[in-house]
Amino acid sequence: LISSATNTLRMETEILEKKLQDAQIKLAEKDEDKEKEIQSLKRLITELEFQLTMEKSNNESFLDNMRKEIQHKSDELEKLTQERTQLIHNLSQVQEENTLLQETVRRECEERYELTAALTQAREQVLELKKLSGNFP
C-alpha cells in the first residue's frame, strides 16, 4: 500500500513537474514574445521621435524662411512707400511749376497782345502823320 501510494505520488509529482516545465516553457515563450514586442515598440518610438524631430526642424526652417520673407517684403514695402512719397512730392512740385509757367505764359500773351495793340496804334499814328505831313510842304 505504501509502495503503491509512493508510486502514485511519484507519478503525480512527475505529472506536476511536466506541467511545471510546460508552464515555464510557455512563460519563457511569452516573455520572449513580450521582449520582442517591447523591442519593436522601442524601435517604433525611436522612429516616431526621429520623425517628430525632423518635422520640428522642417517647421522651424519653414518659419525662419517665412520670417525672412516677411522682413524682405516689409523692407520692400517701406522702400516703395518712400518712393511713392517722393513721387507725390515731385508731382506736387511739377504741378506748381506748371501752374507758374502757365501764369507766366498768360502774362506774356497779355503783354504781347498789349504790345501788338500799341504797335498797331503807333503804325496808325505814323501813317496818320505821314498823311498829314504829305499834305503840308
Side-chain angles (χ1 to χ4, degrees):
L1 186 64
I2 292 175
S3 176
S4 173
T6 304
N7 281 338
T8 302
L9 284 175
R10 274 191 193 138
M11 284 180 20
E12 285 180 13
T13 303
E14 286 176 7
I15 290 171
L16 287 174
E17 285 178 350
K18 176 71 174 152
K19 285 183 178 180
L20 178 63
Q21 284 178 344
D22 287 346
Q24 286 175 338
I25 290 171
K26 285 182 182 179
L27 183 61
E29 287 175 355
K30 284 184 179 180
D31 284 347
E32 188 178 318
D33 288 346
K34 285 184 180 180
E35 187 60 35
K36 286 180 182 177
E37 187 176 349
I38 288 170
Q39 292 303 320
S40 175
L41 289 173
K42 283 181 179 178
R43 280 193 300 275
L44 180 61
I45 288 171
T46 303
E47 288 175 16
L48 290 174
E49 285 175 342
F50 177 74
Q51 287 178 2
L52 181 62
T53 302
M54 292 302 293
E55 285 295 320
K56 282 182 180 177
S57 175
N58 287 342
N59 285 344
E60 287 173 4
S61 176
F62 178 75
L63 285 174
D64 286 345
N65 288 340
M66 292 306 293
R67 284 185 189 108
K68 288 176 185 174
E69 181 76 18
I70 288 171
Q71 184 61 46
H72 175 72
K73 294 292 183 185
S74 177
D75 293 345
E76 204 172 288
L77 177 63
E78 178 66 26
K79 180 181 174 188
L80 289 173
T81 302
Q82 288 175 356
E83 286 179 11
R84 179 180 172 268
T85 302
Q86 184 62 40
L87 287 173
I88 289 172
H89 179 71
N90 290 349
L91 176 62
S92 176
Q93 285 181 334
V94 166
Q95 286 174 336
E96 287 177 20
E97 194 174 313
N98 187 27
T99 302
L100 180 65
L101 289 172
Q102 286 176 346
E103 182 61 26
T104 302
V105 167
R106 185 191 61 74
R107 275 186 273 124
E108 287 182 359
C109 285
E110 284 178 2
E111 287 176 15
R112 183 175 180 184
Y113 176 76
E114 290 171 2
L115 288 173
T116 303
L119 182 61
T120 302
Q121 186 180 7
R123 281 184 184 160
E124 288 174 359
Q125 286 176 357
V126 166
L127 285 175
E128 184 84 22
L129 287 173
K130 280 183 180 179
K131 283 182 186 179
L132 289 175
S133 66
N135 290 340
F136 297 105

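FYI, the numbering just counts along the sequence from 1.
Ion pair Arg107/Glu103 flagged as a salt bridge, since at least one NZ, NE, NH1 or NH2 atom sits closer than 4.0 Å to an Asp/Glu carboxylate oxygen. A salt bridge is defined here as a Lys NZ or Arg NE, NH1 or NH2 lying under 4.0 Å from an Asp or Glu carboxylate O, and Arg67 with Asp64 meets this definition. The pair Glu32-Lys36 meets the salt-bridge criterion, with a side-chain N (NZ, NE, NH1 or NH2) lying under 4.0 Å from an Asp/Glu carboxylate O.
Atom CD of Glu37 has 12 or fewer neighbouring heavy atoms from other residues, nucleotides or ligands inside a 6.0 Å radius. Counting heavy-atom neighbours within 6.0 Å of Arg112 CZ, excluding the residue itself, gives a total of 12 or less.
Asn65 and Glu69 share no side-chain donor-acceptor pair at under 3.5 Å. Donor-acceptor pairing under 3.5 Å is recorded for the side chains of Glu35 and Gln39.
Atoms CE and CG, on Met66 and Leu63 in that order, are 8.5 Å from each other to the nearest 0.5 Å. To the nearest 0.5 Å, the span separating CG on Leu44 from OG on Ser40 amounts to 6.5 Å. Within the model, atoms NZ of Lys18 and CE of Met11 stand 15.5 Å from one another, a figure rounded to the nearest 0.5 Å. Here the CZ-OG1 distance, from Arg10 to Thr8, works out to 10.5 Å after rounding to the nearest 0.5 Å. Atoms CG and CD, from Leu77 and Gln82 in turn, are 10.0 Å apart once rounded to the nearest 0.5 Å. Taking CG of Leu127 as the reference point, atom CG of Leu132 lies at 11.0 Å (rounded to 0.5 Å).
Formation of a donor-acceptor pair under 3.5 Å by the Thr85 side chain with backbone atoms of Thr81 is found in this model. Judged purely by atom type and a 3.5 angstrom limit, Thr120 uses its side chain to pair as donor or acceptor with the backbone of Thr116. A donor-acceptor contact shorter than 3.5 Å links the side chain of Thr99 to the backbone of Gln95.
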Self-check item: side-chain contact (heavy atoms from CB on, under 4.5 Å) between Thr104 and Glu108, worked out
Solution: CA-CA 6 Å; Thr104 302; Glu108 287 182 359; 3.7 Å; yes
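Counting heavy atoms from C-beta on, the side chains of Ser3 and Asn7 come closer than 4.5 Å. Contact annotation: the side chain of Glu96 never approaches that of Leu100 to less than 4.5 Å [non-hydrogen atoms, C-beta and beyond].
Applying the side chain to side chain donor-acceptor pair (under 3.5 Å) rule to Glu14 yields no partners; only residues at least two apart in sequence or on another chain are considered. With sequence neighbours left out, Asn90 forms a side-chain contact (heavy atoms from CB on, under 4.5 Å) with Gln86, Gln93.
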